[in-house]
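Whatever order the structure lists them in is the order used to number ligands and atoms, beginning at 1. The chain is numbered in sequence order, starting from 1.
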Amino acid sequence: MSASLIDGKAFAAGLRGRLGAATAQLKAAHGFVPGLAVVLVGHDPASEVYVRNKGIAAREVGFHALEFKLPADASEDQVLARVAALNNDRDVHGILVQFPVPKQVRQEAILDALNPAKDVDGLTATNAGLLVAGRDGLVSCTPQGCMMLIADQRADISGLHAVVVGRSILVGKPMATLLTNANATVTLAHSRTRDLAAVCRSADILVAAVGRPDMVRGDWVKPGAIVIDVGMNRIALPDGKTKLVGDVAFGEAKEIAAAITPVPGGVGPMTIACLLRNTLIAACRQRGVAVPAGI
Ligand code: NDP
């Protein structure tokens, strides 16, 4: 058996198209467009690429996009002052501080300063709490994107066993909560889990969010499972080039699973599309208008 490929790139392109149409609709009907501000502290090359890509994606759907760069030696107070200014800017509906930040700046201090209504990464304690309570907030982008891909495969996951490997605040924990809220029976596995292979083998839905190349082998996958690979690992090849691979040994797992996300082109594109979606939702809530249908 060979799994069907879950094409996150195409799914995300469709979502971005709908967001573009919704933005045009908001502008025509209400005279505003969603505004996204991204703050980068320091010069981490990967973060610079992420920030640039987020700005490009936001402009492509018609958003007002701002980028703020602070030096690597910026103090915590300087970063907090930038966050406070953006909290008070009526044209900025979403704020994203690119993590990781240099060590003199506490991530928690930034998240605690951020207006939860503008927390489009869904990382503040307020939004994390709303998610656990099953109430409307802003949902962390990567897990939100994974849920859309899963729902596209199987509309009702009620009673299925979902295993999430990885318990980070960014991915694993919100992912497990979203699956729980969708009535799956959820196991949240991590580095202390015993016999991880057996735990994974019992999953109807398997989400790997670890950061270890090809850790999940083909014989860890239950025949017919939906496999979502969040991992993004850059590995060196013998010829000196590098390659992006996931946490799942794709070649093996695709022979066993019913459906699987590739890396790249699976979860990655959904993360940025969901960031844009959160920004549009945040903008509508802040302006007191209904979120256009279909996004
Ligand atoms: P973190 O490093 O924050 O968390 C990794 C998790 O994996 C931890 O909970 C850790 O367990 C667990 N873990 C580590 N080793 C093992 C092991 N041997 N067995 C079982 N569990 C293990 O990573 P993130 O959640 O931020 O990211 C995970 C991966 O997803 C990375 O590759 C990252 O690049 C990628 N990513 C991709 C995104 C996308 O858009 N596609 C977005 C965000 C992340 P413990 O808690 O016990 O230490």
Side-chain angles (χ1 to χ4, degrees), residues 5-13 15-16 38 44-47 49-54 56-57 96-101 107-108 111 120-123 128 131 139-150 162-179 186-203 206-217 219-221 227-236 242-250 260-278:
L5 212 61
I6 303 175
D7 189 347
K9 200 172 165 190
F11 196 100
L15 176 55
R16 288 204 312 272
V38 183
D44 177 62
S47 294
V49 173
Y50 293 145
V51 166
R52 192 164 53 243
N53 288 344
K54 285 167 186 171
I56 292 169
L96 185 156
V97 179
Q98 185 69 44
F99 292 144
V101 284
Q107 187 168 312
E108 289 79 4
L111 292 175
V120 283
D121 246 350
L123 292 178
L131 181 63
V139 177
S140 180
C141 304
T142 301
Q144 182 184 157
C146 293
M147 287 304 288
M148 286 181 185
L149 296 179
I150 292 167
V163 172
V164 179
V165 191
R167 56 175 165 179
S168 70
I169 299 286
L170 182 65
V171 187
K173 282 182 184 166
M175 187 74 227
T177 307
L178 284 167
L179 288 160
V186 180
T187 302
L188 182 52
H190 45 76
S191 66
R192 316 285 174 89
T193 298
R194 291 189 190 152
D195 200 354
L196 184 61
V199 172
C200 290
R201 220 173 283 126
S202 68
L206 178 58
V207 182
V210 178
R212 288 181 166 243
D214 294 344
M215 186 186 83
V216 175
R217 310 308 310 188
D219 63 1
W220 294 25
V221 175
V227 178
I228 305 290
D229 190 353
V230 180
M232 288 205 306
N233 311 293
R234 195 156 282 287
I235 58 164
T242 63
K243 185 184 174 199
L244 197 64
V245 300
D247 290 341
V248 178
F250 181 82
I260 185 168
T261 57
V263 177
V267 174
M270 292 302 292
T271 298
I272 289 196
C274 288
L275 171 70
L276 302 177
R277 181 173 184 270
N278 276 352

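The shortest N/O to N/O separation between Met232 and ligand 1 falls below 3.5 Å. Considering backbone and side-chain atoms alike, Asp247 places every N or O at 3.5 Å or more from each N or O of ligand 1. Geometrically, ligand 1 and Arg192 share no nitrogen or oxygen pair separated by less than 3.5 Å.
For ligand 1, the atoms closer than 4.0 angstrom to any heavy atom of Leu196 are 19 (N), 20 (C). Counting atoms of ligand 1 from 1 in the listed order, those under 4.0 Å from a heavy atom of Gly268 are 40 (O), 41 (N). Near Asn233, meaning under 4.0 Å from any of its heavy atoms, are these atoms of ligand 1: 32 (O).
When heavy-atom distances to ligand 1 are checked against a 4.0 Å cut-off, Met215 comes that close only through its side chain, counted from C-beta outward. With a 4.0 Å heavy-atom cut-off, ligand 1 is reached by the backbone of Val210 and by its side chain too. By the criterion of a heavy-atom distance under 4.0 Å, both the backbone and the side chain of Val230 are placed next to ligand 1.
In terms of protein heavy-atom proximity, atom 12 (C) of ligand 1 is closest to Gly166 CA, 4.0 Å. Looking only at protein heavy atoms, the nearest one to atom 15 (N) of ligand 1 is Arg212 NE, 3.2 Å. With respect to atom 44 (C) of ligand 1, the closest heavy atom belonging to the protein is Val171 CG2, 4.0 Å. In terms of protein heavy-atom proximity, atom 26 (O) of ligand 1 is nearest to Leu170 CD2, 3.8 Å. Counting protein heavy atoms only, atom 31 (C) of ligand 1 is closest to Gly211 CA, 3.6 Å. Atom 40 (O) of ligand 1 has its closest protein heavy atom at Thr271 OG1, 2.7 Å. Closest protein heavy atom to atom 48 (O) of ligand 1: Ser191 OG, 3.6 Å. Closest protein heavy atom to atom 24 (P) of ligand 1: Ser168 OG, 3.7 Å.
In this structure, of Met270, Arg167, His190, the residue bringing a heavy atom nearest to atom 9 (O) of ligand 1 is Arg167.
Residue contact check for ligand 1: Thr193 places no non-hydrogen atom closer than 4.0 Å to it. For the pair Gly172 and ligand 1, no heavy-atom separation below 4.0 Å is found.
The 12-atom threshold is exceeded at CZ of Phe99, counting heavy atoms of other residues, nucleotides or ligands nearer than 6.0 Å.
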Derivation of the side chain to side chain contact (heavy atoms under 4.5 Å, CB included) call for Val171 and Ser140: CA-CA 8 Å; Val171 187; Ser140 180; over 6 Å; no
Leu188 vs Met175, test: side chain to side chain contact (heavy atoms under 4.5 Å, CB included). Steps then yes/no. CA-CA 9 Å; Leu188 182 52; Met175 187 74 227; over 6 Å; no
Applying side chain to side chain contact (heavy atoms under 4.5 Å, CB included) to Thr187 and Val199, what does each step give before you reach the verdict? CA-CA 8 Å; Thr187 302; Val199 172; 3.9 Å; yes
Checking Leu196 against His190 for the side chain to side chain contact (heavy atoms under 4.5 Å, CB included) test, could you report, in this order, the C-alpha distance in whole Å, the side-chain angles of both residues, the deciding distance, and whether it holds? CA-CA 8 Å; Leu196 184 61; His190 45 76; over 6 Å; no
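With Arg217 contributing its side chain and Ala249 its backbone, the two residues share no donor-acceptor pair below 3.5 Å. Looking only at distances, no side-chain donor or acceptor of Gln98 sits under 3.5 Å from a matching main-chain atom of Ser47. A donor-acceptor pair under 3.5 Å is formed between the side chain of Asp247 and the backbone N or O of Gly211. A donor-acceptor pair is defined here as one N or O able to donate and one able to accept, closer than 3.5 Å; such a pair exists between the side chain of Asp7 and the backbone of Lys9. The main-chain N or O of Arg234 is never found under 3.5 Å from a side-chain atom of Thr242 such that the two would form a donor-acceptor pair.
Looking at Cys146 and Met270, their side chains never come closer than 4.5 Å, going by heavy atoms from C-beta outward. Considering only heavy atoms from C-beta on, Asp229 stays 4.5 Å or farther from Ile260 through its side chain.
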